[in-house]
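The basis for the numbers below is simple: all heavy atoms, side chains too, and nothing from hydrogens, waters or symmetry mates. Here the structure is a predicted model, which means the values were calculated and not measured.
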Amino acid sequence: MSAENNQQSGEQLLLNLQRGTPFIKVKEESRKTHERTFSVNKEATVLSYRPSKKGWKARYRIEDIKEVRVGHETDTFKARSGYPKETCFSVIVGVNNKTINLVARSADDAKIWIEGLKFAMRHSQAIDIHKQQQVWIRDYFLKADTNNDGTLDFDECFKLLKKMNMKIERSHAKHLFKEADVKKSQTASGKVVENRLDIDEFVAFYKKITNRTEIKELFKKYSGDDDYWTASEFTKFMHESQKRLDVKEEWCLNVIEKYEQKEVCRQKKILSYDGFVLFMLGPNGLVFNPYHDSVYQDMTQPLTHYFIASSHNTYLLSDQLRGPSSTEAYIKALQKGCRCVELDIWDGPDNEPVVYHGHTLTSKILFRDIIEVINKYAFVASQYPVILSLENHCSVPQQQVMANIMQTILGDQIYKEPVKADEKDPPSPEALKGKILIKGKKLKVEDEDDGDVSDEDEAADIENVEDEEVRQQLESSKKKKDKKSKKLKLAKDLSMLVCLCKSVHFHNFKESAEKYKFYEMSSFGESKAMDLAKHSGEQYNEHNKKFLSRTYPAGWRTNSSNYCPCPLWNAGCAIVALNYQTHGEEMDLYLGKFKQNGNSGYILKPVFMREEGLKFDPEKPSAEYKKKLRFKIISGQQLPKPKGSKEIIDPFVKVSIYDMNQEIDAKTEVVENNGFNPQWNHDMEFDVKVPELALVRFTVYDYDMSSKNDFIGQYTIPVASLQLGYGHVPLYSSTEEKFIEATLFVHVTLE
C-alpha cells in the first residue's frame, strides 16, 4: 500500500474514532464495570469518554499514550479473563502506566480502535510546537466554555484566569477582552452574539495575557531597529548568549524554516518574534543540552566503566511487606530505561517458580510471566544490555525449570559466551547490544553436576517490622532457614547461564584485588556501601574500576523508601539499585542523572573513575575539577496549584546542587498571588567541586506562612548536561508526570 493510501486509511480510522464508540470500561481497583462512549477530538490530540463525573479528568492527551495492548495483557484483564480476548484492549497512559481497560461490542470495533489509536499516536509525534500550542489554547477555551455554546463571555474568561493561577485586575482583564473582541461571534446553535469571543478571538486574548516581556527584551537586544532577526543576528545570539560557538548561519536558516510561522518571513529567511518564542519553547530553548538527549558517549569501553540504571525488588508496586507484586512493575522500570532488574525466585506450586519478597506477605507472580514481559520490553527504551539479577531460593528441580523458561523464551538474547583465558575486561555495552546478562551464583568450572554455593538472602535483612503478622512470618522463615545449611544446591543448567555477572561475597578490597576475576561482582547493603564510600572512598573507586558493585536499600526500608544514590555514584558503584515504585527526591535524582546519554540506562564514568593511575577520593576531590556555576532565575510560566487548592499561589524557587556528598541550596524571594507569570530576576552562585558528577534540582514551592510549603514541581539534571545561556526548565509533578505548560525561565553560566 502506498504512503498516500496509508494516510487515507489512517484518516478514515480517525473519522471512526471521532464519531465515538461505546465500550465496557473495566476498572482496575474494583469489580465494577461501566459502559462509556470513547472518542478522539478532530485534531486527534485528545482521547475522552462520556458520561463522566470527572469532567476534564476523563480526557487523556494522545501524546501521553505509551502503548495499546491487545487482549488480556494487563493485571486487570488477567484477573478477570471472562471477556473474549479479541474484543479486549488496554490503553496505557503516562509515566506511571495508568491503565484504561476496554471491552468492545465486537472484534471489529476493537480492531478499528486499536489501529486508530496507534495511528493517532504516530500522528501526535509529528505535531510541531506551534500546533501543540494551538491545542493547549483550544483546551483552555473548551474548559472555559461552561455552557458549550462555542463562545466565551467576559465572566467565563475572567474565571479561567483564576483557574490558570493568575491574579489580574478586573478592569485590566476587561480592557484586554475588548481589544480581542473585534467582531460579532456566532454560537454553536447559529445565534449571532456580541461581547463574546470565538476561538480565533480567544487565541488573540490568550496571547495578550501570556505576553513574555523578558523574551521580548532578549529578542530586541539582537534585532536592532527591526522587528525580526536575520540569520546573522540569530547566529550572533547563539554565539554570545548561548555560548554555542559550533552554530553556523546554515543551522539558523534551518531553524527559521522550522519555527517561523509567517510565510513572508520564511521567504525572506528572517525570524519574527513569534518564531523566536516557539524556538525557545523547543529543545534548543531548554536548560537540558539537546545533544545529551541521544547517545553521545563512547559505548565501547568495558562494562565496569559505566553507571547502570538499576531497580531493587522490581516486582513490587508498593511496600516490602504486604504490597502487590506485578509484571507491570517490570514494564514500568524497563520503559524508564532501567537496565538491571531484580527477581527473588522461590519454589511455586505445580513445579512453576514464583517471584515475591520472601518471608513476607507480598503477593506472588509466576517467574514465567516476568520472563515473557522482559522478552517483550527489554529493549523498547534502550538497545543496551539488560541484567537479570537473580536471588535464587529454589530447589534444584525448579531451578532447572527456571533455566528452561529463560532459554525457551529469551533464546539467543541470553549472553552465554564462555570467558576466554586471556580476557581481562568484560565486553562493552556496544558489544552487548540486545543481550540479556544473567547475574547469580555460579558453580566452579570443574563441577560436572549440580553443586553447593552460598545462600545470600537479602529479604532476610528486613528489620524493625511493626506489622505483627508479617513479623511472625519473617521470624518463622528465619528459624527454618537457620536449621538448614547456609549452602544452596545450584543446578548446573542455571549456573551455565551466568557468564559476566557471577555473584561472590565481598570480604575486603585486598582480597578482591588479588582474587576477583573481572566477571565477578558483589552486592552491598546500604549501610555497608555507605560506610565504604565515606571512609574508604578511594579504595572503593579503585575496586569499582575493575568490578561491578551492586548496592541496595537497607532492610529497615519496609515502606520502600530510598536512600540518596549520590554518595555511591561518587564512590564509582555501577549498579546503585533503588525502589523504582517510590516517588520522591531520591528517585528524582536518579531519573535526572540518567536523562543524559539518551536515557539509555548507561552513563560513562568520568575518566578519573576509569583510568589506572588516576586516584579519586570523593571526600577530598582535587581542586582541579572545581567550577563556578551561576543561575539567574528570571521568571515562571503557568505554574500549577497544589492538588485540591483553589487559592492563587505565592511561588518561590529553590535550587539545590548535589555535589560530592553535600547538598547546597539557594532560594528566590516569594512572589505573592501570581503563579501565572511570576518574575524573580534572582541571581545565585555555586562553587561546584566535581561538575561531572554533580546534579542540579530546581524545585518550585507555594509559600505558606503558617504551615509547610506546598511542593509544586521539580526538574533534575546533571550539571554536565546544562545548556548554557537562556533556557526553560520544564517541571514535573511529585509522581514524575510532566506539566504541559509550566516552566521556569533561567540563565546559566559555568566557568
Side-chain angles (χ1 to χ4, degrees), residues 301-313 337-342 385 387 389 425-426 429 437 439 456 458 461 500-509 511-513 516 518-554 557 562-580 586-587 589-594 596-597 601-611 614-619 621 658-662 690 692-695 718:
Q301 300 206 25
L303 201 64
T304 49
H305 288 186
Y306 297 83
F307 296 118
I308 304 171
S310 309
S311 163
H312 171 250
N313 287 356
C338 181
R339 299 287 85 194
C340 178
V341 296
E342 185 177 12
I387 301 170
S389 181
D425 294 305
L437 313 182
K439 171 192 166 293
E456 295 172 17
E458 288 178 17
D461 293 340
L500 292 178
C501 300
K502 176 186 175 183
S503 297
V504 295
H505 184 73
F506 176 82
H507 293 285
N508 55 64
F509 292 124
E511 182 178 295
S512 64
Y516 271 26
F518 72 83
Y519 53 83
E520 294 180 319
M521 61 174 291
S522 298
S523 290
F524 301 82
E526 175 186 340
S527 57
K528 176 70 172 176
M530 290 290 188
D531 183 66
L532 289 173
K534 183 170 181 60
H535 298 108
S536 307
E538 187 175 303
Q539 286 178 285
Y540 212 179
N541 263 297
E542 288 301 301
H543 172 90
N544 289 323
K545 285 179 183 177
K546 301 174 184 176
F547 313 109
L548 293 174
S549 287
R550 174 180 170 271
T551 69
Y552 58 91
R557 295 185 183 275
N562 281 312
Y563 54 88
C564 179
C566 297
L568 301 179
W569 285 326
N570 296 339
C573 296
I575 302 177
V576 180
L578 260 61
N579 292 305
Y580 263 60
E586 294 81 11
M587 203 63 214
L589 296 173
Y590 204 89
L591 296 176
K593 185 177 183 72
F594 282 98
Q596 63 184 306
N597 209 31
Y602 283 82
I603 301 169
L604 186 64
K605 296 177 185 178
V607 65
F608 50 79
M609 287 182 156
R610 307 189 314 259
E611 296 294 328
L614 294 179
K615 303 290 185 181
F616 179 71
D617 184 349
E619 292 295 316
Y658 297 81
D659 177 38
M660 288 299 99
N661 307 338
Q662 64 177 347
V690 187
E692 282 190 85
L693 291 170
L695 297 169

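Inspection of the Y540 and S549 side chains reveals no N or O donor paired with an N or O acceptor under 3.5 Å. K439 and S503 share a donor-acceptor pair across their side chains, judged by distance under 3.5 Å alone.
Side-chain contact check for P567 versus M530: some heavy-atom pair is nearer than 4.5 Å. When side chains are defined from C-beta on, Y516 counts as touching F506, because their heavy atoms get closer than 4.5 Å. Using a 4.5 Å heavy-atom threshold, the side chains of S311 and L578 count as separate. Using a 4.5 Å heavy-atom cutoff, the side chains of L693 and F616 are in contact.
Atom NE2 of H305 and atom CG of N544 lie 10.5 Å apart (nearest 0.5 Å). Rounding to the nearest 0.5 Å places CG of L614 at 11.0 Å from CG of N541. Here CE of M609 is found 13.5 Å from NZ of K615. Values are rounded to the nearest 0.5 Å.
Using a distance-only test at 3.5 Å, with no hydrogens or angles considered, no donor-acceptor pair links the side chain of D531 to the main chain of S527. For Y602 (side chain) and P385 (main-chain N/O), a donor-acceptor pair under 3.5 Å exists by modelled atom type. When atom types are taken as modelled, the side chain of E342 and the backbone of N313 share a donor-acceptor pair closer than 3.5 angstrom. A donor-acceptor distance shorter than 3.5 angstrom exists from the side chain of Y590 to the backbone of V576, with no hydrogens or angles considered. Within the 3.5 Å criterion, the main-chain N or O of K605 finds a donor-acceptor partner in the side chain of R610. Distance alone, capped at 3.5 Å, is enough to place a donor-acceptor pair between the D659 side chain and the V690 backbone. When atom types are taken as modelled, the side chain of N562 and the backbone of N579 share a donor-acceptor pair closer than 3.5 angstrom.
Relative to the six-membered ring of F307, K593 meets both conditions, a distance below 6.0 Å and an angle of at most 45° to the axis.
Annotation for K545: atom NZ counts as buried by contact number, over 12 foreign heavy atoms lying within 6.0 Å.
For A309 against Y580, the heavy-atom pair with the smallest separation is CB-OH, 3.6 Å.
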